[in-house]
**Q** 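One structure follows; several queries about it will come next.
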Amino acid sequence: MNDAAATPRPTRDLDFYLLKEEVAAFLYEEAELLDQRRYTAWLDLLADDLVYFMPMRRNVKAGEHAARENTREGSDISWFEEDKWTLAKRCEQIMTGVHWAEEPLSRICHMVSNVQLLEALPSAAAPQTVTARSRFLVYQNRVETETYIFVGKRTDTLRRVDGAWKLARREIILDQNVLLAKNLTVFF
Amino acid sequence: MARLDTDRLVDTRNGLISRELFVNKDLYQQELETLFTRAWLFVGHESLIPNPGDYFVSRMGAESVILSRDKAGGIHVLLNTCRHRGMKVCLYDEGNTTHFTCPYHHWSYATDGQLVGVPQYDTLYPGMDRAKWSLIEVAQMANYKGTIWATWDKDAPPFLDYLGAAKEHLDLALDCRDGREGGSEAFLGVHKWIIPCNWKLPAENFCGDTYHNPSHRSVDMIGIGPSARSGTKGRRDDELKGAQHVWVSFPAGHGIHSAIQPAMMPYAEAFRDTPVIEEYFRHCYEERQRRLGEKSRLLPFVGTIFPNSSYHGRQPRSICMWHPHGPESTEVWRIFLVDKDAPAEVKDLLRHFYMRYSGPAGMTEQDDMENWNYATAGARGVIARRYPLNYQQSMGAGKDDDPVAGHVSVQITEENSRRFYARWSDYLAGRDWDVLMGRRDGTPRRAAAE
């Protein structure tokens, strides 16, 4: 998952580029829903068995990055390692109107770029599962002057369910060591 | 720098605390010089450095320290700065090494802090005694049930004296769920984040500010506890139903909130989402009663070990450090605890619960961060600072040593905060250890209006 070069790329034919465009459109539409605070519609894009993972990042010696740079899914404490139920709880909490970390609501803008199609199974012509990587810049402004900028990479797995794409896995690599924000109330 | 008269700012007799404490730059500097250089501070957990050569870079006050295990297995806390030009000798968050070598001129230190390598030593430094130029090591260090504590003051009392009767409450966080002593370890992965607030606000909050419950209403409404998937609301399981809550202050400045069951109660069903885990905690609960008898009636909530180390005792279970990072900035570090020998599925469930409860991504604590942020901002105004804050809750309602050791209130109180700030003032006034340990009274506290 951390090494794109190790994954054989799909053949770059017309199907590949059409699918890449479709995946990018999915990611942009998803960002649009989040920025418009349409949380219920956003949750509909998530597969029921979604894994949403954001590790913490350590300063480690050269040569140790693969083994130690990020906290590990399945055993360590991370910023996020959760499922759709927990994300739905987060949305529900924001909508109570008394979640003070998001009341009044933040102004949030997701910039998504560098979309790369890494894998399409069984094929780009008839895809059921795709893996894509992208970059994000999430801007959060709240209350009066409070501003946070989150920048990093995402690796997403999308799955075709009843003719529509659903997000089945999202790994978020935030490029910070000590988190430079008091809270992580935004979705990535 | 002239010392500010902090006794004028902390008027515990009238329950008034000046807002200067949360924004004043001179007070902040005075804290770094008089408080964080003397008090015992939590540095880390031995499970973060299990093997010889392991290290974990931590902080004491605003300074970087290395928690290191030397090749003989001994634990050291060393200031992370070269004795030659002051560059950091360890650039990493954690790892394993034989030496800490300064990148600048390559002075090299063993993992016990001894200076062992000086390039061109014979030619350039004839006669220099390398033994005098080790990394600066803390004056005292204590390993208490795996938690590592340190102080820069050689005259500070031993850690267990400093901890005093707060020990039986901290034990509730550190001991195994089934009542065996110790046995906890830290999950790997240390939360580190920055809150725009003065460090004392969260430290005080964890002294037992139970009054702030309404700010967590959103998370209580939706339910995120270990039984929430089965439909239980609230941010945790209610394991303290019918218990007498106690808020206890200790002479060294610690404040805790625990609860005492009226009798040896049957297990209050918790962790209902997963039957096998529910069964595990039921077993632990009953085993703990069997082991501890009447003592098992005491159950933990939260506490602050003076000045800036706080624990959550049960749901969730963690220790955090509110590191000073400027008058209006706090760098928080938190480790999460679990019984070392807990089954894998128990560890997994707790880990997920901790992540959704605590820290910047924690649905409960997010609301705290907002409060501490804007409470600090609210102390900034020139007019605002003319008006001290109201700390008059439950004045005079406490009693000494009843039903547990310490100054105890059986109703929600700000007495723990009042005493926290009184002790804070004693440090800033440079008083001796007899005063700091409550063996002798310092200066009577004058009214702020005087």
Side-chain angles (χ1 to χ4, degrees), chain A residues 52-64 67-83 85-104 142-146 148 174 176-188, chain B residues 57 90-97 186-197 214-224 228-229 318 325 329-336 344 347-348 351-352 354-356 358-374 377:
Chain A
Y52 183 87
F53 175 56
M54 184 200 274
M56 296 186 285
R57 316 285 305 282
R58 301 188 185 96
N59 295 300
V60 296
K61 254 181 210 164
E64 293 183 351
R68 301 178 67 122
E69 184 180 21
N70 297 345
T71 51
R72 296 164 302 172
E73 186 178 350
S75 60
D76 299 346
I77 295 286
S78 291
W79 289 131
F80 294 101
E81 184 190 321
E82 61 195 46
D83 57 9
W85 178 83
T86 312
L87 286 169
K89 284 287 170 190
R90 294 181 186 279
C91 294
E92 192 186 343
Q93 186 184 22
I94 290 170
M95 292 186 288
T96 61
V98 289
H99 179 27
W100 305 113
E102 272 301 325
E103 182 62 30
R142 63 175 282 94
V143 195
E144 293 164 307
T145 58
E146 211 183 322
Y148 302 100
L174 178 67
Q176 293 184 9
N177 174 246
V178 176
L179 183 73
L180 300 172
K182 70 176 177 193
N183 275 332
L184 289 169
T185 54
V186 303
F187 299 104
F188 291 91
Chain B
V57 172
C90 183
L91 305 174
Y92 310 110
D93 297 346
E94 50 195 80
N96 183 283
T97 192
F187 278 111
L188 295 181
V190 180
H191 272 180
K192 301 177 184 177
W193 80 104
I194 290 174
I195 317 176
C197 75
S215 71
H216 294 306
R217 188 158 146 250
S218 67
V219 78
D220 286 337
M221 284 163 74
I222 62 166
I224 63 156
R229 284 172 207 254
S318 68
H325 188 249
S329 184
T330 302
E331 186 170 319
V332 194
W333 290 28
R334 181 184 268 124
I335 59 165
F336 293 90
K347 287 186 179 179
D348 205 49
R351 193 171 57 86
H352 283 98
Y354 297 166
M355 284 188 280
R356 68 176 180 264
S358 293
M363 286 184 262
T364 304
E365 209 165 50
Q366 287 176 345
D367 291 325
D368 291 317
M369 254 82 81
E370 196 74 8
N371 291 327
W372 301 330
N373 182 170
Y374 286 100

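Chain naming here is simple, since letters A, B, ... match the order of the sequence lines and numbering starts at 1 in each.
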**Q** Which pair of heavy atoms, one from A:K61 and one from B:N96, lies closest together, and at what distance?
**A**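 So the two residues come closest at NZ-O, 3.5 Å.
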**Q** A:K89 and B:I222: which non-hydrogen atoms are nearest, and at how many Å?
**A**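 Scanning both residues completely, I find the closest heavy atoms to be NZ-O, 2.6 Å.
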**Q** Output yes when B:E370 and A:R142 qualify as a salt bridge under the 4.0 Å nitrogen-oxygen rule, no when they do not.
**A**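 Judged by the 4.0 Å cut-off on N to carboxylate O distance, B:E370 and A:R142 do form a salt bridge.
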**Q** By a 4.5 Å heavy-atom criterion (distance strictly below it), what part of B:A228 contacts chain A: side chain, backbone, both, or neither?
**A**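 Contact with chain A is through both the backbone and side chain of B:A228.
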**Q** What part of B:N373 is in contact with chain A, defined as an atom under 4.5 angstrom from a non-hydrogen atom: side chain, backbone, both or neither?
**A**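 Only the side chain of B:N373 comes within 4.5 Å of chain A.
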**Q** Where does B:L91 contact chain A at under 4.5 Å (heavy atoms): side chain, backbone, both or neither?
**A** backbone
**Q** Checking heavy atoms, do the side chain of B:V332, its backbone, both or neither come under 4.5 Å from chain A?
**A**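 Looking at B:V332, nothing touches chain A.
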**Q** Do B:D368 and A:K182 make a side-chain contact, defined as non-hydrogen atoms from C-beta onward lying under 4.5 Å apart?
**A** no
**Q** Treating B:D93 as the side-chain partner and A:R58 as the backbone partner, does any N or O pair qualify as donor plus acceptor under 3.5 Å?
**A** no
**Q** Once you round to the nearest 0.5 Å, how far does NE2 of A:H99 lie from CE of B:M221?
**A**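 If I round to the nearest 0.5 Å, the distance is 12.0 Å.
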**Q** By a 4.5 Å heavy-atom criterion (distance strictly below it), what part of B:E331 contacts chain A: side chain, backbone, both, or neither?
**A**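 The side chain, not the backbone.
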**Q** Report the option among A:V178, A:L180, A:T96, A:T71 that has the most heavy-atom pairs separated by less than 4.5 Å from atoms of chain B.
**A** A:V178
**Q** Would you mind checking which part of B:H191 comes under 4.5 Å of any heavy atom in chain A, side chain (CB onward), backbone (N, CA, C, O), both or neither?
**A**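 When you check distances to chain A, atoms from both the backbone and side chain of B:H191 fall under 4.5 Å.
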**Q** What distance do B:I195 atom CD1 and A:N183 atom CG have between them, rounded to the nearest 0.5 Å?
**A**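 Between atom CD1 of B:I195 and atom CG of A:N183 there are 8.0 Å.
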**Q** How long is the span from the OH atom in B:Y92 to the CD atom in A:E64, to the nearest 0.5 Å?
**A** 8.0 Å
**Q** Just checking, any donor-acceptor pair under 3.5 angstrom between side chains of A:T185 and B:Q366?
**A**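 On atom types as modelled, these side chains do not qualify, holding no pair under 3.5 Å.
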**Q** Using a cut-off of under 4.5 Å for heavy-atom pairs, which of B:T330, B:T97, B:L188, B:N371 has the most such pairs with chain A?
**A** B:L188
**Q** Output the distance between atom CH2 (A:W85) and atom CZ (B:R356), rounded to the nearest 0.5 Å.
**A** 4.5 Å
**Q** List the atom of A:W79, the atom of B:P360, and the distance in Å for their closest heavy-atom pair.
**A** CZ3-CG, 3.3 Å
**Q** Considering all heavy atoms of both residues, which atom of B:W193 and which atom of A:A181 are nearest to each other, and what is their separation?
**A** CD1-O, 3.6 Å
**Q** Where do A:A101 and B:D367 come nearest, in terms of heavy atoms and distance?
**A**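 Heavy-atom minimum between the residues: N-OD1, 2.9 Å.
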**Q** Can any side-chain N or O of B:R351 pair as donor or acceptor with the backbone N or O of A:D76 at less than 3.5 Å?
**A**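 Yes.
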**Q** So do the side chains of B:K192 and A:L179 get within less than 4.5 Å of each other, counting heavy atoms only?
**A** no
**Q** Flag the one option from B:K347, B:H216, B:M369, B:R217 with the top tally of heavy-atom pairs under 4.5 Å to chain A.
**A**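 Between B:K347, B:H216, B:M369, B:R217, the count favours B:M369.
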**Q** Name the region of A:E146, side chain, backbone, both or neither, that has any atom closer than 4.5 Å to a heavy atom of chain B.
**A** side chain
**Q** Rounded at 0.5 Å granularity, tell me how far NE2 in B:H352 sits from CG in A:D83.
**A** 7.5 Å
**Q** I need the A:N59 CG to B:E94 CD distance, nearest 0.5 Å.
**A**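 Spacing of CG (A:N59) from CD (B:E94) equals 10.0 Å.
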**Q** Which one of A:R90, A:R68, A:E82 has the most heavy-atom pairs closer than 4.5 Å to chain B?
**A** A:R90
